[in-house]
Structure formats: structure tokens, C-alpha cells
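What you see is a predicted model, and the numbers here were worked out from it, not measured in a lab. Atoms within each ligand, like the ligands themselves, are counted from 1 in listed order. Atom set for the values below is all heavy atoms of this structure, side chains included, hydrogens, waters and symmetry mates excluded.
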Amino acid sequence: MKKYLTYSILIFSLILVFALKINCFARDIAGKDISISLPDQVKQGQTVFINIKTSKQLKNPVFKFKNKTYKIFKTGENQYTGLLGINTLEKPDQYRIIISDKNGYLNNKTGISVVTKDYPKQNIKVTRKMAGLSATKHELNQIGRAKYMLTSLKLRKEPPYNSPANGCINSVFGLRRYYNGKFSGNYHKGVDIKAPTGEEVRSITDGKVIFAENFRLHGGSVAVDHGHGLVSLYIHLSKISVKPGEILKADQKVGEVGMTGFATGPHLHWGLYVNGTPVDPMEGWIKPVNLCK
Ligand SMILES: [Zn+2]
């Protein structure tokens with residue numbers, strides 16, 4: 001009888017250990033000496049932080065998502081971080097993430113489920129004036145190049161950062177645009193912060209200026225590379241205070257709020273991109289900002 005009890009306890013313990021291990025799988029998927037953490041679930045438009053802690057020397061660590069490979073950066077002693085931006089139009093489903101490095105210490109697969117986030121809708125009546133306004137080839141090239149900027153710069157400070165301007169949000173990220181009642185496939189790729197002309201616009205964190213110039217559609221524009229594939233785009237500025245190549249500190253002034261280019265009133269449009277994907281800046285990147293009343 002005693003023997004059976006010992007066996008039962010042993011088997012029960014084994015099952016428990018196994019169950020715990022499976023349960024931990026998505027949060028800490030690696031084994032000894034390596035810990036990888038990422039959430040099980042992410043909302044459309046949100047950013048996933050893949051954090052790795054290890055004393056081993058990783059060589060060119062990367063992660064794969066939907067057949068695309070993204071770099072993982074060393075952020076400190078024994079620490080590495082990779083950023084994954086989830087498109088707001090990404091189909092809610094279970095996706096696979098594969099993490100690896102050239103030294104072979106990392107070779108891990110895990111799943112992440114993308115869940116729906118209900119973004120508000122906006123119906124826009126297209127007027128002749130709007131239909132006639134277009135971006136120049138030069139500005140599209142500059143913005144395209146900036147969005148996909150992937151330098152070896154490190155994202156030096158952890159979020160949440162300060163808002164880039166004092167003011168309230170009058171247009172949220174992800175707002176689905178319906179033109180004359182039909183979904184255009186287009187959505188708002190940033191947040192609009194309503195503020196008077198001349199209000200200071202600041203870099204959310206350290207970075208390097210990619211471009212700083214006046215465009216026809218976007219108006220006074222500054223793009224900042226924060227490292228790790230994270231890029232900020234500040235547009236409709238009335239004044240630009242920085243130059244391309246300039247190294248910025250967190251909260252440093254980049255310009256002033258305005259309504260240059262295509263804007264119906266003074267505001268800052270701030271777009272945040274992760275490896276080229278527009279992400280919701282209010283999801284983990286900056287401290288809460290009030291919506292305008
Ligand atoms: Zn905007």
C-alpha cells in the first residue's frame with residue numbers, strides 16, 4: 001500500500017512538473033541559461049517586445065514572423081531585445097515566431113495569437129480639393145526610406161516615454177477611413193495631438209535625425225531613427241529645429257506644431273513605425289495622453 005502511494009505521488013509530481021513546463025512555454029520558452037519572454041497574446045496595432053536574457057554570446061540573433069526575418073539587438077549585459085509591430089489589419093489568428101542565432105544557442109519556436117482591436121471609423125467626404133492634393137515623388141521616397149530604417153543604433157531607454165507635444169489627442173491611431181461610405185483600406189497611421197501653432201515638438205527618446213525638410217503634402221517633417229527598427233515621424237510642423245544626421249536626446253526639441261502641408265488645423269501628426277509597420281504609440285510606448293473633449 002505504501003509502495004502504491006509513493007508511486008502515485010511520484011507520477012503526480014511528474015505530471016505537475018510537465019504541466020507547469022507547458023504552461024510556461026509561451027512566457028519563457030528557452031531552457032537553462034537562456035530565458036526568452038514574450039506575451040501569449042497581442043492586439044492588432046500593438047508592439048511585441050521579445051526579451052532575451054542569457055550569459056551566452058549570441059551571434060546575429062533574429063526572429064522570424066510570417067516568413068520575414070527581423071534583427072534582435074543587444075541591449076545590455078546578457079540582454080537582447082527584438083521588436084515586432086503587429087499591423088492593425090493583421091488577421092486575428094495564431095502565428096508562429098521562430099527565434100535563432102548563428103551560434104546555435106537559440107533555436108526556439110513559439111506561438112502568439114493576434115486578437116482584434118476595434119478601431120473607430122471615420123467617414124470622409126472627398127472634395128475636389130483633397131482629391132487633387134498629392135505628395136511629391138521625393139517626399140514619398142524620403143518617408144519610405146525612413147520607415148524601414150534599420151540601423152545598429154540601440155534603443156537606449158525603455159518606454160514609456162513622454163508625449164512629443166503638450167496637447168490632447170483629437171484623432172487616434174488606427175482610425176479606419178471610409179471615403180464616401182466605403183472602407184478605403186486606409187487608416188490613420190499615427191496620432192494627432194491638437195496644440196496651438198508654435199507649441200514645442202520633442203523627440204520621444206534618443207535618436208538620430210533621418211531627414212528634416214518641408215514637403216508638399218506632409219508639410220514640415222522630421223523623421224527620427226530611435227534604433228532597433230523604431231522610427232518616429234513628426235509632420236505638419238511650422239518650424240524645424242534639427243538637421244539630418246543630428247544626434248538627439250530624449251525630450252529634445254525637433255520643431256514646432258503647425259498646419260503646413262495638408263492639415264485642417266494646427267496639430268502634430270506623430271507616426272511610430274516598427275520595422276516599417278505603423279504601430280499604436282499609445283500601446284506601451286508613451287505615458288497616457290487625454291483625448292480632446
Ligand atoms: Zn494624423
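Both Val172 and Ile286 are assigned to one and the same hydrophobic cluster, defined by single-linkage of ILVMFWY side chains at heavy-atom distances under 4.5 Å.
Note on His269: counted as a metal contact of the Zn ion (ligand 1), an N/O/S atom lying under 2.8 Å.
Comment: Lys56 does not engage Asp101 in a salt bridge, judged by the lack of any side-chain N to carboxylate O separation of less than 4.0 angstrom. Under a 4.0 Å N-O distance rule, the pair Lys208/Glu246 does not qualify as a salt bridge.
The closest approach of Asp192 to the Zn ion (ligand 1), by N/O/S atoms, is made by OD1. As for His188, its N/O/S atom nearest the Zn ion (ligand 1) is the one called NE2.
Residue His269 is tested with His218, His188, Lys189, His236 for a side chain to side chain donor-acceptor pair (under 3.5 Å); the sole match is His188.
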